[in-house]
2 protein chains.
Amino acid sequence: MERDAPVRPVQQHRHNLALVTRLAARLGPVSRARLAQESGLTKSTVTQLTGELLDGGLLREIGTGRSGGPGRPANLLVLNSLGPAGIGLQIEADHVAGCLLDLTGRVRDRALRRADDLRGDPLRAVKAAEPVLRRLLNTANSTDNVVAGVAVGLPGRIRDATVVRADGLGWTETNLPWLLGDRLTALGAGGIPVTVAGSHPLAARAERWFDGEDADVLVYVGGEDGLGAGVLVGGEVHAGARGAAGELGHVRVAGAEEPCVCGGRGCLDAVAGQSALLRAAGLDGPARSRLAGGESGLAGLVRSGEPGALSAARRAAAALGEVLGGLVPALDPEVVVLGGHFPALGEDFVGAVEAALRARCPGSETRVRASRLPPDVVARAAATTVTDALIENPAAWFAE
Amino acid sequence: MERDAPVRPVQQHRHNLALVTRLAARLGPVSRARLAQESGLTKSTVTQLTGELLDGGLLREIGTGRSGGPGRPANLLVLNSLGPAGIGLQIEADHVAGCLLDLTGRVRDRALRRADDLRGDPLRAVKAAEPVLRRLLNTANSTDNVVAGVAVGLPGRIRDATVVRADGLGWTETNLPWLLGDRLTALGAGGIPVTVAGSHPLAARAERWFDGEDADVLVYVGGEDGLGAGVLVGGEVHAGARGAAGELGHVRVAGAEEPCVCGGRGCLDAVAGQSALLRAAGLDGPARSRLAGGESGLAGLVRSGEPGALSAARRAAAALGEVLGGLVPALDPEVVVLGGHFPALGEDFVGAVEAALRARCPGSETRVRASRLPPDVVARAAATTVTDALIENPAAWFAE
DNA sequence: GTTCGATAGTCCAGTAGACGAACTAATTAT
DNA sequence: ATAATTAGTTCGTCTACTGGACTATCGAAC
């Protein structure tokens with residue numbers, strides 16, 4: 001409910017509609033009676049609201065359930081897996097991944113398009129996204145899912161739905177929703193709203209929603225190259241005053257002198273980024289994506305105990321801990337999750353980061369752990385922003 | 001409007017009541033017609049709502065205004081300075097300050113009680129607060145203001161309205177609202193709700209509300225001893241997962257070895273705290289409060305260019321910048337405001353902090369500036385939490 | 001098998017509160 | 001004086017939630 005807007009009966013209705021939809025999502029198959037009880041609304045109202053949601057295709061009635069006790073059995077309601085759905089895209093330098101997510105949160109289809117190098121002209125990425133989109137739109141068509149939106153996650157800084165800067169892709173001031181919207185029209189799916197978000201904030205959301213971490217304040221630190229953080233405050237992504245929250249990659253690490261691609265020296269990226277680690281371990285060359293499934297060279301080296309790799313990892317852990325040490329006491333997050341290439345470095349690495357953090361902030365109770373989610377979770381997390389929006393405002397969807 | 005609560009006509013009404021009250025507060029003397037226009041409600045509804053607010057004593061009608069143009073002149077409404085008011089207290093180690101604030105934000109009275117040392121038993125502070133409260137309650141009585149609440153600000157970490165830890169006062173797990181509520185009953189003012197908040201978050205609020213800094217993301221770093229930050233996210237105080245957000249005092253500064261009262265070494269407090277600076281400048285002794293109005297010894301020394309003091313200040317600035325360098329890129333605040341004893345150190349100090357911050361985060365656009373507000377603004381900020389609550393929920397007040 | 005208690009869900013009159021049009025009120029411009 | 005303009009009120013209308021009566025469907029007891 002918007003704070004500075006008047007509340008009329010319509011808004012009242014919207015709010016309650018969202019309330020029961022949210023509850024239906026949280027409680028799974030659920031009776032109207034239970035919805036009434038949990039929401040605080042009366043049975044009559046719930047009947048009315050669920051009626052609208054059924055008509056609108058957001059809910060589905062699955063047969064009568066439970067028989068454990070006296071009384072008329074409930075007619076169970078669930079989110080409609082065949083109703084509106086969301087497409088999530090993940091654009092990285094070497095691939096575009098996508099998935100189609102239904103309202104229940106189930107992935108109905110995936111698609112992946114590898115490419116040698118998508119950096120430079122954004123149209124290259126848009127072109128690579130086209131077959132991915134085509135496949136997902138086709139799937140949606142064949143499963144009777146209506147695509148309610150496309151959400152894109154990419155490593156960059158976003159403001160006002162525009163990609164302000166994406167170092168890893170070499171983009172500046174790119175209006176991705178516009179470009180993709182164009183391509184969607186060409187695919188016969190014009191008019192579908194397109195949104196963009198940063199990969200790190202999306203990964204942070206994913207940690208909260210997919211890994212049962214019900215922390216209201218959570219920091220996700222993710223990686224490969226272009227290190228950055230996604231900050232969740234009050235369960236929501238915190239963008240910062242200029243959309244630059246979480247830009248940790250070029251924070252200077254005390255005592256470090258490594259040259260960085262940004263032109264500076266001693267940036268966190270240059271100490272703890274994936275390429276930097278590979279180089280320090282004597283494994284020069286372009287960083288390989290973990291999408292292939294295999295261990296990145298670095299992880300293997302760390303595991304094998306190769307001295308150069310170990311010392312590079314130790315140094316990276318210390319640097320990461322140092323930077324986190326300035327952030328953790330200010331925000332007091334419930335947990336800091338390390339993603340990107342960090343989990344591959346093993347539990348010892350995480351322990352070392354936590355130790356370095358504790359050394360800087362002795363009093364903090366913030367936990368540190370490695371992400372358990374796969375790197376391609378960003379596409380899925382992006383798709384959830386679409387389905388979430390549907391659940392949080394069903395009325396907007398009914399209005400088409 | 002609570003997210004997980006059903007919205008009935010009553011809540012609709014509450015929301016709209018708060019909306020017009022907020023607008024009346026923001027726009028100053030204002031006509032019903034203007035309120036209708038700004039709020040998006042109809043004139044009829046505004047008439048109805050303002051009627052309630054007038055009856056409840058939150059609004060007052062001042063005569064008819066403006067005559068610049070044709071048409072019936074407006075009957076101007078303002079927040080009622082003679083209606084409900086709030087008392088704010090500020091408890092520090094050497095004094096208790098308080099003020100009585102009316103709805104319009106005007107300070108109707110102040111009171112101050114100095115004491116040698118209020119540390120240790122919380123009852124000592126409560127006792128010192130008693131004359132302050134008595135005076136303010138008396139004033140309220142004589143001006144026909146009804147005290148709607150007492151809010152206390154103190155240097156400590158608060159969770160669930162309980163003082164979890166207040167190093168500067170030597171308190172642990174103190175239920176201050178309970179203790180003060182008792183004292184209020186003794187003063188014949190029982191039943192007045194008492195709340196507690198940390199001084200730094202309150203100071204952050206003050207920077208936003210009293211100094212026209214309309215930043216949604218703001219960090220206030222305040223001091224004397226027990227350095228800490230108040231973090232505003234979305235215009236609201238961010239408490240952190242465990243109420244520990246902003247606890248910067250014992251973050252370790254790289255390369256620093258000064259022993260700290262906490263038992264550790266190299267804490268920010270031990271490098272940039274007031275006592276530490278005085279000691280480093282060769283001016284040992286207890287830190288003097290700035291309430292006296294005179295310059296603290298340190299500020300004078302820095303101004304006079306005494307080498308020891310200058311080097312200590314430079315070191316403090318570098319340390320502060322370093323710690324901020326971990327926090328700023330994560331949060332991307334609009335501005336960082338330095339309060340406590342820092343403004344007394346002069347503009348050069350602020351410049352040095354900003355330089356150190358920039359050195360760590362080259363890309364950041366966050367401004368750094370000294371607070372322009374007096375240190376006793378905490379009492380006033382505390383009082384605003386009471387008046388704000390009234391404005392944000394008039395219905396709760398009508399219900400007494 | 002029938003009856004009773006329990007639970008699920010629907011129906012409908014009642015009600016709170018915002019809306020809108022018509023109205024009154026007070027002022028300036030002609 | 002009269003028209004134009006803006007402020008504010010009145011009253012009937014509309015929307016959407018409520019509460020109680022009612023129907024539906026089950027298990028358990030007789």
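Every value quoted in this text rests on a predicted model; they were computed, and no experiment measured them. In what follows, chains are A, B, ... by sequence order, proteins preceding strands, each numbered from 1.
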Let me check something: any side-chain donor-acceptor pairs from residues 4-11 of chain B under 3.5 Å, sequence neighbours excluded? List them with distances.
residue	atom	partner	partner atom	Å
D4(B)	OD1	R22(A)	NH1	2.6
R8(B)	NH1	G40(A)	O	3.3
Q11(B)	OE1	R8(B)	N	3.1

If you apply the rule side-chain hydrogen bond (donor to acceptor under 3.5 Å, both in side chains), what do you find for T387(B) with T384(B), and how did you get there? CA-CA 5 Å; T387(B) 53; T384(B) 60; 5.4 Å; no
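Using a 4.0 Å cut-off, some side-chain N or O of T47(A) falls inside it from OP1 or OP2 of dT10(C).
Not a single donor-acceptor contact under 3.5 angstrom links the side-chain atoms of R72(B) to the base of dA26(C).
Across all non-hydrogen atoms, the minimal contact from L77(A) to L35(A) is CD1-CD1, 4.2 Å.
Protein atom NZ of K43(A) is 19 Å distant from nucleotide atom C1' of dA16(D), rounded to whole Å. Look at CG on L77(B): it is 7 Å from P on dG8(D), rounded to the nearest Å.
A donor-acceptor pair under 3.5 Å is formed between the side chain of R208(B) and the backbone N or O of A215(B).
No salt bridge links R14(B) with E392(B); every basic N to acidic carboxylate O contact stays at or beyond 4.0 Å. Using a 4.0 Å cut-off between charged side-chain N and carboxylate O, R32(B) and E61(B) make a salt bridge.
Against DNA chain D, the stretch residues 18-38 of chain B makes heavy-atom approaches under 4.0 Å through S31(B), R32(B), A33(B).
Under the 3.5 Å distance criterion, with hydrogens and angles disregarded, a donor-acceptor pair is assigned to the side chains of T139(A) and D109(A). A side-chain N or O of T104(B) and one of D102(B) form a donor-acceptor pair less than 3.5 Å apart.
Of the candidates dT9(D), dG9(C), dT25(D), the closest approach to any side-chain atom of N75(A) belongs to dG9(C).
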Just by protein heavy atoms under 4.0 Å, how would nucleotides 14-20 of chain C read 5' to 3' in B, S and -? ---SSSB
